[in-house]
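Notes for the one structure printed next.
Everything quoted here is computed from the prediction, not taken from an experiment. Position 1 is the first residue of the sequence, and the numbers go up from there.
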Amino acid sequence: MLIGFDVGSTSIKAALFDMNGTVLDHWSRGYPTERPASGMVEQDPRHWLDGIRDAIDALLAGRDPADIRAVGLCSQVNTDVFVDRDGTPLAPAICWQDIRAGAEAAALDATITSAEKHRWWGAEMPIGASHVLAKMSWFSKHRPDLWERTHQVLSTRDFCLLHLTGEASSDPISAFGHVGQDLRYIDALIARVPGAAGKLPPLRHFTEIAGEMMLGSSGCKVPVVTGTMDAWGNLFGCGVCRPGQGMYVSGTSEILALAGSQRIGAPGIVTFATIDGLVVNAGPTQSGADSLRWWATTAGVEPGDVPRLAGLASRDDRPILFLPHLEGERAPLWDSDIRGAFIGLDSRAGGPDFALAVLEGVALAARHAMGALIDAAGFRPDHMLYGGGGGRSDLWSQIRADCLGIPLHRFAFVDVGCLGAAILAAVGIGAFGSIAEAVPAMTSVERVFEPDPRRAARYDAMFHAYRNAIDALRPIGLIRTDGTQ
């Protein structure tokens, strides 16, 4: 058996699989995310380690730990921990949604020429507030005492590997913003942040064994594979392994990706280094299911009730437009200043209408990213392989298909990051000769959501209004507390 972990943005998920990808058991637990000030989003890294320990004990209850052949991990990316020489966090982890380093990111981006971007990444890679070097620059300015004690700056998965195996390591895909097409750190970029050199962990391929870890309280040790970022774990867990395929994963953010064979690129899209012949273009939004979480909290309902409420609203009436830019937006805008909005309210609007607007607004953000993705990859897919916790809702799944105008093939096990991590573990121990061999053997589609052509006019009109609203409302995000811009 294999254990796959997805250390996500709001919870840790773990699953036990056989070598065919069949789910034998699964476990999950949420952990708090703190927002101590405007634009700041933080987590306590100890929650990640506690979750891994408790998940293993739960999954192994009544089972022989000797049957576990390997463990794989994927995790949220651009969430970074500043640790001392003992691996102890010096401050809470700065999450990928955190935008405190927006000014540092803009300053760093201004030093990079278009020619350098194309030489390093083969595309116009954006430098946003979530970039690790922007955060390092912010940390050095605002926490100089702690920066002086910083030994390493680790992503979520790197931090977990350090405490599980005794050594931190990353992979070239997780470190995409500061690794070039040669799969090595870009020294010329890292040197632009004084003191950053030497604070990043060594790089390994994501199927390479990082070391051994203890299986909870069982006393048994097992190989743990390096793994990768959640987007690529989701990619493999969704069944993507060859050019021409597309992925849509709904989690805290929406992550859309197209895998091609040519490096084209487009503004606002992350084009990763070529791995195993795949040129993966990704468009991560900022607030997917996190918009649902926010509205549920505001309305005093459970997050799972939001799709049910939305189902009580009509998709034939004039819509309420929701812009899900609660913490700015990533792909394709990379703008940490814009903010969300509800537009088009009248006195009839109630809870179901707001719930539907949230679901549709998230789908519109995905459509926005999808247009740039098609430009970056050079093709429009005939369907998208689809998973993630937000995909559990049939209504939201249908809204997404209708809004994109592309069929969505939902996977039988929606926590595809766990499956992707297990796939990497299976390849790492030699159970399969390659990822391309393992993916089709361990994944399966459960249901297809076809776009309803009767909804096309609605979502075309809403998307046109969505694009115009972003431009019209952009000045609101620039108003400061003293009323200036």
Side-chain angles (χ1 to χ4, degrees), residues 7 43 45 48 73-96 98 100-101 104-105 107-109 111-112 116-117 119-121 125-144 146-206 208 210-211 224-232 270 272-273 275:
V7 188
Q43 287 180 356
W48 310 333
L73 287 88
C74 71
S75 78
Q76 56 177 308
V77 74
N78 294 128
T79 291
D80 298 296
V81 191
F82 292 71
V83 303
D84 64 15
R85 289 189 176 276
D86 296 324
T88 302
L90 295 168
I94 302 176
C95 297
W96 57 269
D98 192 291
R100 73 183 74 178
E104 287 77 11
L108 178 61
D109 195 59
T111 72
I112 309 171
E116 285 177 317
K117 288 187 175 185
R119 185 167 69 251
W120 293 340
W121 300 304
M125 183 80 79
I127 299 289
S130 63
H131 197 286
V132 65
L133 291 174
K135 292 177 187 174
M136 292 166 88
S137 180
W138 183 93
F139 206 74
S140 68
K141 293 176 185 176
H142 296 272
R143 303 300 302 270
L146 298 181
W147 177 245
E148 186 69 24
R149 295 169 54 198
T150 299
H151 176 61
Q152 286 184 312
V153 183
L154 306 175
S155 74
T156 301
R157 191 276 323 270
D158 307 346
F159 176 83
C160 292
L161 286 178
L162 171 63
H163 286 270
L164 294 174
T165 69
E167 183 181 347
S169 58
S170 189
D171 70 282
I173 294 302
S174 298
F176 62 92
H178 41 292
V179 165
Q181 296 184 71
D182 60 357
L183 308 183
R184 298 175 182 273
Y185 283 128
I186 305 170
D187 293 336
L189 174 60
I190 295 170
R192 296 181 192 189
V193 177
K199 286 184 167 60
L200 297 167
L203 299 173
R204 291 191 172 102
H205 190 275
F206 40 63
E208 186 176 341
V224 55
V225 172
T226 298
T228 189
M229 64 185 293
D230 51 3
W232 276 64
V270 177
F272 291 96
I275 298 281

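Here the side chains of Arg143 and Trp147 are not in contact, with every heavy-atom distance at 4.5 Å or above. You'll find the side chain of Trp48 reaches within 4.5 Å of the side chain of Val81, heavy atoms only.
The distance from atom CG of Leu164 to atom CG of Leu73, rounded to the nearest 0.5 Å, is 6.5 Å. The NE2 atom of His178 lies 11.0 Å from the CE atom of Met125; values are rounded to the nearest 0.5 Å. Annotation: the span from Leu154 atom CG to His163 atom NE2 amounts to 8.0 Å, rounded to 0.5 Å. Here the CE-CD1 distance, from Met136 to Ile190, works out to 8.0 Å after rounding to the nearest 0.5 Å. Atom CG of Leu189 sits about 8.5 Å away from atom CD of Glu116, to the nearest 0.5 Å. Note that NE2 of His142 and NZ of Lys135 are 14.5 Å apart. Values are rounded to the nearest 0.5 Å.
Take Asp171 and apply the side-chain hydrogen bond (donor to acceptor under 3.5 Å, both in side chains) test, not counting sequence neighbours, and it matches Arg157, Ser174, Thr228. By the salt bridge (charged side-chain N to carboxylate O under 4.0 Å, His left out) test, Arg184 is found to be paired with no residue, residues two or more places apart in sequence or in another chain being considered. Taking the side-chain hydrogen bond (donor to acceptor under 3.5 Å, both in side chains) definition, one finds that Gln152 meets it with nothing, sequence neighbours left out. By the salt bridge (charged side-chain N to carboxylate O under 4.0 Å, His left out) test, Asp109 is found to be paired with Lys117, residues two or more places apart in sequence or in another chain being considered. A search for ring pair (Phe, Tyr, Trp, His ring centres under 6.0 Å) contacts involving Phe176 returns Phe272, not counting sequence neighbours.
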| message | As a quick check of understanding, evaluate side-chain contact (heavy atoms from CB on, under 4.5 Å) for Ile275 and Trp232, giving each step before the final call. | response | CA-CA 11 Å; Ile275 298 281; Trp232 276 64; 4.1 Å; yes

| Can Leu183 and Leu203 be said to form a side-chain contact (heavy atoms from CB on, under 4.5 Å), step by step? | CA-CA 9 Å; Leu183 308 183; Leu203 299 173; over 6 Å; no

| request: Could you please spell out the steps behind the side-chain contact (heavy atoms from CB on, under 4.5 Å) verdict for Ile112 and Arg192? | output: CA-CA 10 Å; Ile112 309 171; Arg192 296 181 192 189; 3.8 Å; yes

| task | Could you check Ser75 against Asp230 for side-chain contact (heavy atoms from CB on, under 4.5 Å), going step by step and ending with a plain yes or no? | result | CA-CA 5 Å; Ser75 78; Asp230 51 3; 5.9 Å; no

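When all heavy atoms of Trp121 and Gly180 are compared, the pair lying nearest together is CD1-CA, 4.4 Å. Across all their heavy atoms, Ala188 and Trp120 have their closest contact at CB-CZ2, 4.1 Å. The minimum heavy-atom distance between Leu146 and Ala91, with the atom names listed, is CD1-CB, 4.4 Å. Nearest heavy atoms, Ala175 versus Tyr185: CB-CE2, 4.3 Å. Closest approach of Ala105 to Ala129, counting heavy atoms only: CB-N, 3.7 Å. Annotation for Leu108 and Ala134: closest pair CD2-N, 4.5 Å, computed over non-hydrogen atoms.
Counted by atom type alone, Arg204 and Ser169 present one or more donor-acceptor pairs between their side chains at under 3.5 Å.
Pairs of residues two or more places apart, or lying in two chains, that qualify as side chain to side chain donor-acceptor pair (under 3.5 Å) and include a residue from residues 87-96 are Ser9-Trp96.
Ser170 places no side-chain N or O within 3.5 Å of a backbone atom of Asp158 that could act as its donor or acceptor partner.
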